[in-house]
4 protein chains.
Amino acid sequence: MKITDKKKAILDTALTLFVEQGFHATSTAAIARGAGVATGTLFHHFPSKEALMEYLFLNIKQEFADAIKSSMNPDDGLKANARNLWFSALEWAANNPVKQHFFQLYSLSPTIATELREQAMNSILGFITDLIKQGQAKAMIADYPIKLMQDNCHGQFLAATRYFSDNPDYWHIDSHKQASFKLFWHAIAS
Amino acid sequence: MKITDKKKAILDTALTLFVEQGFHATSTAAIARGAGVATGTLFHHFPSKEALMEYLFLNIKQEFADAIKSSMNPDDGLKANARNLWFSALEWAANNPVKQHFFQLYSLSPTIATELREQAMNSILGFITDLIKQGQAKAMIADYPIKLMQDNCHGQFLAATRYFSDNPDYWHIDSHKQASFKLFWHAIAS
Amino acid sequence: MKITDKKKAILDTALTLFVEQGFHATSTAAIARGAGVATGTLFHHFPSKEALMEYLFLNIKQEFADAIKSSMNPDDGLKANARNLWFSALEWAANNPVKQHFFQLYSLSPTIATELREQAMNSILGFITDLIKQGQAKAMIADYPIKLMQDNCHGQFLAATRYFSDNPDYWHIDSHKQASFKLFWHAIAS
Amino acid sequence: MKITDKKKAILDTALTLFVEQGFHATSTAAIARGAGVATGTLFHHFPSKEALMEYLFLNIKQEFADAIKSSMNPDDGLKANARNLWFSALEWAANNPVKQHFFQLYSLSPTIATELREQAMNSILGFITDLIKQGQAKAMIADYPIKLMQDNCHGQFLAATRYFSDNPDYWHIDSHKQASFKLFWHAIAS
DNA sequence: GATGAATGAGCTTTCATTCAT
DNA sequence: AATGAATGAAAGCTCATTCAT
């Protein structure tokens, strides 16, 4: 299914405006204006403003998942792959500042329906859950309830990227990246 | 200066509705109706809907800070006091489910102006920062940048209470509370 | 660019209501109702109630200017043309009672921003200023500061139409029209 | 009937604010605040905001009338007394800029009920009408309908003070005052 | 006389969405 | 597919006025 230029323009503008002004403060008229299309056009491609947001949310999550999944190396051990994931996630965030900001704003926001957030967590990012379970089976990761582990990982990742967003100079300094990974890993390692 | 009954009723209703429906989905008319006052009365006590939200935010943060601060014991060591704080924070959250939900929704939300969030973090919860610094001086806590430590602690606490909110049966089961504390402590301990 | 029927209806209704009830006493809802359109439609065509008023003001001034300008005759002398203008202005006022009333109410009112009133005076009615200057150059009109002359002419015209509005029977009686012109002309003739 | 300090403060503040911001843009709360009294106090002294405005209007008109009436000299002829009145009126306006501005804004405004404006014109400023009639009887003043003469005088006076308000440097320059009087007098002299 | 919390109808403006073209 | 004028419910907020103290 080829995305038309207009649909693409709407998505790009919506992403930017949702991040710059927030979902509620962004009118569909403003999105259409920014995208250079008529107000009605938006509703040809998306049944509602909410649906547009959901489309954005799932697509960006997927893009993120694809990006970091490719950093995993079957030859590496568990901790090495955890590091691979953590560093490639930080790199993706550094290279996609607007989408990273989008994550900060909406990953936990009630703007996104709870089911959708869970769906993203489970199906798109499910391979991370798998990894944790493997680590627990090998007694390399603390054997606490999987939901607790998921929430903790998610929370620490958002905290880390928030730190780097607030201090953009550190995105590419190794010591800061290492520090953030160590906090994360020490928490979950058993 | 005694807070009028009407003002109290407005605050209580606003807290409930902001949590149940979200800030934007809650109209000032609904707050007034719920509080049993006229729409004008809300604006007699608060210059705007935003100001009402800010008042709620700062007051609840302060109440939380006061509650957990009193759990600290000067005779206890650093780790013991960290545990005191963590457990009393969980207890406060368990006993104040609406306010805890309010934290989940608005602690990091752009609905609250950045400066206000920082003010809350620095002045109201500044004693936690002090504690981290003491731990770093004694080499008991990892010597990473203080902002990174703050963000990590905050992120882990929100993750933990999110876990318990999603699984309310566990609020009072010691093993779950211990698990959440261990994740937290292992992350930051050096 | 054709003015939509709805836009025209809004303008007509607004003119009538602003004159009948005053600007502040006229709600945008009442204008929309009177024009037979939805409240939103008004704001689709005009960004604000003030902008609607400004549009009306400038358009009516322009219409008035066009009407009286066409009464001038290059073959006539200065005084004859002054009389042409004065009588055609009275005629326009008699034939457009609502717009004439609008002038009475808003020509000097702070409801209209000062800059707008000056813009109307200078660009739309600038040809009158030119005429006064020609008369002064020919020593047929008193050589007082041009601003004083402008204000005096404007003031006398408003006074005259106020007189006729209060006594509508006189609009078409020549002696009254002549009297009003003589007061005007004797004031400014040198 | 002695005017209490609070009532005086309310009147002073209302005058200033009505002139600075306009009648509708001035809230009774703002008047009370500016006067240093409670909102309820205003309504102890005046039954409504309109009544406060009317009180101001009539009192200032009366003060103006008293001021210029005292400039008349029974020993002077008609034209001399007309000049006395005109110059003392300009002087009063120059010395009472706020009240003068109040005249500009409200003398013809629909904010003031028509009856009230006519009452002021007839009873407070009736001596001017008398003067015009005397002049007409002596054939010194053009014998046009008295209402036309009233309106013309009023219109010219407002035009003159508007000119001086816009060019405050000229208030005390004799040539400008003389010019404004000559325009006025030539209009009505027969 | 003075206070100021409380009122609630009313205001202007916004905006997601529709639909005839 | 694309347009943009039109919709109308709903929003946040104002404000003259009242009244118990």
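Numbered from 1 within each chain, the chains take letters A, B, ... in sequence-line order. Note that the coordinates shown come from a computational prediction; the quantities given were computed from them, not determined experimentally.
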Completion exercise
When rounded to whole Å, the NZ to C1' distance for the pair A:K6 and F:dA2 reads 7 Å
Handout entry: Spacing between B:L42 atom CG and F:dA11 atom C1', to the nearest angstrom
Key = 13 Å
Problem - Distance in angstrom units between C:I10 CD1 and F:dA5 C1', rounded - result: 11 Å
Pairs under 3.5 angstrom only: tabulate donor-acceptor contacts from the side chains of residues 38-46 of chain D to other protein residues two or more places apart or in another chain.
| from | atom 1 | to | atom 2 | distance (Å) |
| --- | --- | --- | --- | --- |
| D:T41 | OG1 | D:A38 | O | 3.4 |

Problem - Nucleotide F:dT17, atom P - distance to CZ of D:F43 in whole Å - result: 5 Å
Problem - Backbone N/O of C:P110 and side chain of C:T114: donor-acceptor pair under 3.5 Å - result: no
Practice task
Would you mind classifying the nucleic acid contact of D:T39 as base, sugar-phosphate or nothing, using non-hydrogen atoms under 4.0 angstrom?
Solution key: base
Problem - B:I112 versus B:Y106, closest heavy-atom pair with distance - result: CG1-O, 3.6 Å
Fill in the blank from the handout: Which of F:dA6, E:dT7, F:dT17 is nearest the side chain of C:H45? It is F:dA6
Completion exercise
Against the side chain of A:K49, the closest entry in E:dT7, E:dA16, E:dG4 is E:dA16
Exercise for the section: Round to a whole Å and report the spacing from NZ of C:K7 to P of F:dA5. Expected result: 10 Å
Practice task
Please report, rounded to the nearest Å, how far the P atom of F:dC13 is from the CD1 atom of B:I31.
Solution key: 10 Å
When the side chains of residues 24-33 of chain A are checked against the rest of the protein, which donor-acceptor pairs come out under 3.5 Å, sequence neighbours left out?
| from | atom 1 | to | atom 2 | distance (Å) |
| --- | --- | --- | --- | --- |
| A:H24 | ND1 | B:H24 | ND1 | 3.2 |
| A:T26 | OG1 | A:L17 | O | 3.2 |
| A:T26 | OG1 | A:Q21 | OE1 | 3.4 |
| A:T26 | OG1 | A:G22 | O | 2.7 |
| A:S27 | OG | A:A30 | N | 3.0 |

Practice task
Please step through salt bridge (charged side-chain N to carboxylate O under 4.0 Å, His left out) for the pair C:R162 and C:D166, ending with a clear verdict.
Solution key: CA-CA 6 Å; C:R162 186 156 48 245; C:D166 290 346; 5.9 Å; no
Practice task
Decide whether B:E63 and B:N59 meet the rule of one side-chain donor and one side-chain acceptor closer than 3.5 Å.
Solution key: no
Problem - Dot-bracket line, read 5' to 3' along DNA chain E, where crossing pairs take [ ] and | marks a partner on another strand, Watson-Crick or G-U under 3.5 Å - result: .||||||||||||||||||||
Handout entry: Side-chain N,O (D:T28) to OP1/OP2 (F:dA16) below 4.0 Å
Key = yes
Problem - Short side-chain N/O contact to F:dA5 OP1/OP2 from C:H44, under 4.0 Å - result: yes
Problem - B:Q100 versus B:S165, side-chain donor and acceptor atoms under 3.5 Å - result: yes
Completion exercise
Here the distance between atom C1' of F:dC15 and atom CG of D:L17, to the nearest Å, is 15 Å
Completion exercise
Closest of F:dG4, F:dT7, E:dC15 to the A:S27 side chain is E:dC15
Exercise for the section: Can you tell me the distance, in whole Å, between the NE2 atom of C:H24 and the C1' atom of E:dG10? Expected result: 15 Å
Completion exercise
Closest to the 5' end of DNA chain F, once B:S48 and A:V37 are matched to their nearest nucleotides, is A:V37
